[in-house]
K.L.:
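My structure is below; once you've seen it, I'll send some questions.
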Amino acid sequence: MPMPLWWGQINKRIFNPLELRRGKRPVIRHVGRRSGAVYRTPLDAHPVDDGYLFILVYGSGSDWVQNILASGDATLEIDNTEIPLTNPRLLDAAEVRDQHSDIAVPRRPRIDEFLRMDVA
């Protein structure tokens, strides 16, 4: 079971702005599916063949994941470099273990969903 969504709301309002100000973590830039506003979400980005894998700590119901799935694209910002991403798709833990054995799948909390995107 992923982290509870209420903790995600706290993270979004308190810790994400702190991480954005620090500027040390990768950031995914995406467009709100209802508002059309541009959002920036700090997260961990794991490079894989021709793309990136994102661990969905709060599950696929997170706003940023839903926004990316709806739009079909996003931009990853790493070290002042913008990387356009496309073709978002959800993977389960078994697929990640099979296809990306070099990425450690967290055991606690039990993460069972991942987002895979290709470099455009």
K.L.:
With sequence neighbours left out, what residues match Y52 under side-chain hydrogen bond (donor to acceptor under 3.5 Å, both in side chains)?
P.N.:
none

K.L.:
At their closest point, which heavy atom of P88 faces which heavy atom of G72, and how far apart are they?
P.N.:
CD-O, 3.3 Å

K.L.:
Do you know which two heavy atoms are closest between P26 and L76, and how far apart they sit?
P.N.:
CB-CD1, 4.2 Å

K.L.:
Treating Ile, Leu, Val, Met, Phe, Trp and Tyr as nodes and any side-chain heavy-atom pair under 4.5 angstrom as an edge, say whether V38 and L85 lie in one connected cluster.
P.N.:
no

K.L.:
Calculate, to the nearest 0.5 Å, the distance between atoms CG and OG1 belonging to N67 and T41 respectively.
P.N.:
8.0 Å

K.L.:
Strictly below 4.0 Å, N to O, side chains only: are E82 and R29 in salt-bridge contact?
P.N.:
yes

K.L.:
Consider only side-chain heavy atoms of I, L, V, M, F, W and Y, link residues closer than 4.5 Å, and tell whether Y39 and I28 are in one cluster.
P.N.:
no

K.L.:
Between I83 and L115, is there shared hydrophobic-cluster membership here, with clusters defined by ILVMFWY side-chain heavy atoms closer than 4.5 Å?
P.N.:
yes

K.L.:
Going from CG on L69 to CZ on R89, what distance comes out if it is rounded to the nearest 0.5 angstrom?
P.N.:
11.5 Å

K.L.:
Do any N or O atoms from the side chain of E113 and from the backbone of L91 form a donor-acceptor pair under 3.5 angstrom?
P.N.:
no

K.L.:
Any chance you could measure N87, atom CG, to M117, atom CE, to the nearest 0.5 Å?
P.N.:
8.0 Å

K.L.:
Working to the nearest 0.5 angstrom, can you tell me the gap between S62 OG and I68 CD1?
P.N.:
10.0 Å

K.L.:
Can you confirm whether the side chains of H30 and S71 place a donor and an acceptor under 3.5 Å from each other?
P.N.:
no

K.L.:
Name all residues meeting the salt bridge (Lys or Arg N to Asp or Glu O under 4.0 Å) criterion together with D73; count only those two or more places apart in sequence or in a different chain, and write none if there are none.
P.N.:
none

K.L.:
Can you list the steps and then say if E95 with R116 is a side chain to side chain contact (heavy atoms under 4.5 Å, CB included)?
P.N.:
CA-CA 11 Å; E95 289 174 292; R116 168 76 160 85; over 6 Å; no

K.L.:
For the CG atom of L43 and the CZ atom of R25, what is their distance to the nearest 0.5 Å?
P.N.:
7.0 Å

K.L.:
Identify whether F54 and I78 are in the same connected component of the hydrophobic contact network (ILVMFWY, side-chain heavy atoms under 4.5 Å).
P.N.:
yes

K.L.:
Can you tell me how far apart CZ (F114) and CG (L90) are? Round to the nearest 0.5 Å.
P.N.:
11.0 Å

K.L.:
Counting distance only, does the side-chain N/O of D92 pair as donor-acceptor with the main-chain N or O of A94 below 3.5 Å?
P.N.:
yes

K.L.:
Which residues satisfy the side-chain contact (heavy atoms from CB on, under 4.5 Å) test with A120, sequence neighbours excluded?
P.N.:
P84, T86

K.L.:
Please give me the minimum heavy-atom distance between V57 and I111, naming the atom from each residue.
P.N.:
CA-CD1, 3.7 Å

K.L.:
Would you sort out whether D63 and Y58 count as a side chain to side chain contact (heavy atoms under 4.5 Å, CB included), showing the intermediate values?
P.N.:
CA-CA 10 Å; D63 285 335; Y58 301 104; over 6 Å; no

